[in-house]
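In what follows, a single structure is set out as structure tokens and then discussed.
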Amino acid sequence: MTVAKRPIIHILGLGSMGTVLAVDLIRFTNALVIPLFRSKEKLDKFQIEGHSKISIRKLYEEKKPLVECKVEEAQCPETFNSGIIENLVITTKTYQTKEALAPYLKYINSHTNLILIQNGLGVLEVLKDEVFVNKSERPQLFQGVISHGVYQESGFTYAHAGWAGMKVARLPWNDDEMIQTNSLVKRDYAENELVNLLMSQTFAKEFGMEHMSYQEMLLGQLFKFLVNCCMNPVTAIVDCVNGEMVDYCAPVFRSIIDECLTVLRVAYKPLFAYENQYKGNEDYVSLTVDSILNTEHMVKEVIRIGCDINERNSSSMRQDTLYLRDTEIDYINGYVVDLAKKYEMGAAAANVNKTISELVNLRLGLNRTRAQQGDWRQQ
Ligand SMILES: NC(=O)C1=CN([C@@H]2O[C@H](COP(=O)(O)OP(=O)(O)OC[C@H]3O[C@@H](n4cnc5c(N)ncnc54)[C@H](OP(=O)(O)O)[C@@H]3O)[C@@H](O)[C@H]2O)C=CC1
Ligand SMILES: CC(C)(CO)C(=O)C(=O)O
């Protein structure tokens, strides 16, 4: 009798998202979960000071239980010895992806399953143009759109503030593969080890994992992208908690969303044409796009999700500017500017998002200057 091989999944980016995923993978699957740290120093800190343990405090449960797991194996570039990587999760910030991948590229080939679990858009272009340039060596690529809310409590303990699930789909390397058949989705579900692992019954239920076609996931990804294009930069620029601005934010959200949708309709034309083109075609999932991705509906949804459901949350981008960390603005509003240029939509086509990006960088620069030179308002 052949014994089923134990799946191995490497996690590059053991922060908020990496930890919340790793804990449930360890608890609810038989996978060997191997975090990849950026240096021997960080690895030693995890193994010696942290005793190779990771923890999640489930704030959304009444008793706010702390769930702790022991990590069997962890690596860094200096110690890595696993050979070709079977399954790789990328949960670094978007702008950290290329540098984080660099030491492991020789261990990634066309048999590797690689999933991006990140906000924003634009990392795919970096992978295509700067990282996996040799098409024959490109890994099997997947995208996760995660809606769980998690932040660092201390050390390797993270607080799981909001439970909201995750969507996963095969991410096409080429724009002409954007629309996927139901049979392709079923084939991945049946044959791909990473999809099998993420969709294993207990884990998928506990983590809220949904496997779908790229076009379905893209609809959700663009929805979340518009939420992030509004909430993240505006809360950072004005330095407010999400819900404080609920009565005053609609006009600026309308300006941001209107411009974003004009650009996204060009860049993701197959998705916006999908509803009519594939209606009634049984090998394609039916989608309603226009009734969701329109300005007035999205203004209401962004306010509902950002300022109501997450009213007491400080957005991740505001947190980055307060802690003087780089932000992901280039993969959120900045990416809209890039798309407008790529599709030659004219210099003014992304002026709102360009200005929003500039204001976020102004806010971050001002916070950094105040930290170094003092706050003139107090002088
Ligand atoms: N936090 C949340 O609630 C949500 C986050 N997201 C998105 O998920 C993505 C990840 O965010 P989040 O988990 O919050 O970010 P974190 O900053 O918490 O985690 C990123 C992790 O990546 C590690 N890392 C960075 N560079 C390297 C490297 N070269 N090698 C190894 N590890 C590295 C960092 O470690 P180090 O200490 O070494 O820098 C850090 O632990 C982002 O795109 C974010 O927008 C999406 C939904 C919700
Ligand atoms: C929805 C929102 C804005 C919640 O704060 C978020 O996703 C973030 O902070 O990154």
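We use all heavy atoms of the structure for the numbers below, so side chains are in, but hydrogens, waters and symmetry mates are not. In listed order, ligands and their atoms are each counted from 1.
For atom 48 (C) of ligand 1, the nearest protein heavy atom lies under 4.0 Å away. Distance remark: protein heavy atom present below 4.0 angstrom from atom 3 (O) of ligand 1.
A salt bridge links R318 to D239: one of the charged nitrogens lies within less than 4.0 Å of a carboxylate oxygen. We find that R304 and E301 are joined by a salt bridge, their nearest charged nitrogen and carboxylate oxygen being less than 4.0 Å apart. Taking 4.0 Å as the cut-off between side-chain N and carboxylate O, K93 and D326 do not count as a salt-bridged pair. Looking at R38 and E78, no side-chain N of the basic residue comes within less than 4.0 Å of a carboxylate O on the acidic one, giving no salt bridge. Salt bridge annotation for K45-E41: absent, with no cationic side-chain nitrogen under 4.0 angstrom from a carboxylate oxygen. Ion pairing between a basic and an acidic side chain is recognised when a charged N comes within 4.0 Å of a carboxylate O; E72 and K53 show no such pairing. A salt bridge links E86 with K5: the distance from a Lys NZ or Arg NE/NH1/NH2 to an Asp or Glu carboxylate oxygen falls below 4.0 Å. Salt bridge absent: R27 and E206 never bring a charged side-chain N and a carboxylate O closer than 4.0 Å. At a threshold of 4.0 Å, the pair D338-K342 does not count as salt-bridged, since none of the basic side-chain nitrogens sits closer than that to a carboxylate oxygen.
Taking a cut-off of under 4.0 Å to the non-hydrogen atoms of S315, the atoms of ligand 2 that pass are 5 (O), 9 (O). Close approach of ligand 1 to G149 (heavy-atom distance below 4.0 Å) involves ligand atoms 3 (O). Close approach to V150 involves these atoms of ligand 1, each under 4.0 Å from a residue heavy atom: 1 (N), 2 (C), 3 (O). Each of the atoms 8 (O), 9 (C) of ligand 1 lies under 4.0 Å from some heavy atom of I117. Near M231, meaning under 4.0 Å from any of its heavy atoms, are these atoms of ligand 2: 3 (C). Distances below 4.0 Å separate heavy atoms of H148 from the following atoms of ligand 1: 3 (O), 47 (C), 48 (C). Set against the non-hydrogen atoms of L12, the atoms of ligand 1 under 4.0 Å away are 30 (N), 31 (C). The atoms of ligand 1 that sit less than 4.0 Å from any heavy atom of E328 are 42 (C), 43 (O), 44 (C), 45 (O).
The part of N242 lying near ligand 2 is the side chain, judged by heavy-atom distances below 4.0 Å.
With respect to atom 22 (O) of ligand 1, the closest heavy atom belonging to the protein is G13 CA, 3.3 Å. For atom 19 (O) of ligand 1, the nearest protein heavy atom (residue, atom name, distance) is G15 CA, 3.3 Å. The closest protein non-hydrogen atom to atom 14 (O) of ligand 1 is S16 CB, 3.6 Å. Atom 7 (C) of ligand 1 has its closest protein heavy atom at N119 N, 3.6 Å. Looking from atom 6 (C) of ligand 2 to the surrounding protein, the closest heavy atom is N228 ND2, 3.6 Å. Considering only non-hydrogen protein atoms, atom 1 (C) of ligand 2 sits nearest to V227 CG1, 3.9 Å. Counting protein heavy atoms only, atom 4 (C) of ligand 2 is closest to N313 ND2, 3.5 Å. Nearest non-hydrogen protein atom to atom 10 (O) of ligand 2 is S316 OG, 2.7 Å. If you check which protein heavy atom lies closest to atom 20 (C) of ligand 1, you get T91 O, 3.6 Å.
Between K224 and ligand 1, no pair of N/O atoms sits closer than 3.5 Å. When only interatomic distances are considered, the shortest N/O to N/O separation between N232 and ligand 2 falls below 3.5 Å. Taking distance alone, with nitrogen or oxygen atoms compared against 3.5 Å, K42 approaches ligand 1 more closely than that limit.
Not a single heavy atom of S316 sits under 4.0 Å from any atom of ligand 1.
For F203 and F28, the ring centers sit 6.0 Å or farther from each other. Less than 6.0 angstrom separates the ring centroid of F37 from the ring centroid of F46.
The heavy-atom pair separating N174 from R138 by the smallest distance is OD1-NH1, 4.4 Å.
Under the 30°/60° scheme for interplanar angles, the aromatic rings of Y104 and Y107 are found to be tilted. By the 30° and 60° cut-offs, the orientation of the rings of Y335 relative to F225 is perpendicular.
Within the set K93, H160, Q319, M166, the minimum heavy-atom distance to atom 17 (O) of ligand 1 is found for K93. The option from L21, T92, I146 that lies nearest to atom 33 (C) of ligand 1, judged by heavy atoms, is T92. Of the options M17, R38, M317, the smallest heavy-atom separation from atom 36 (P) of ligand 1 is shown by R38.
With rounding to the nearest 0.5 Å, the separation of CG in L43 from CG in L14 is 11.0 Å.
There is a path of hydrophobic side-chain contacts, each under 4.5 Å, that joins M199 to L21.
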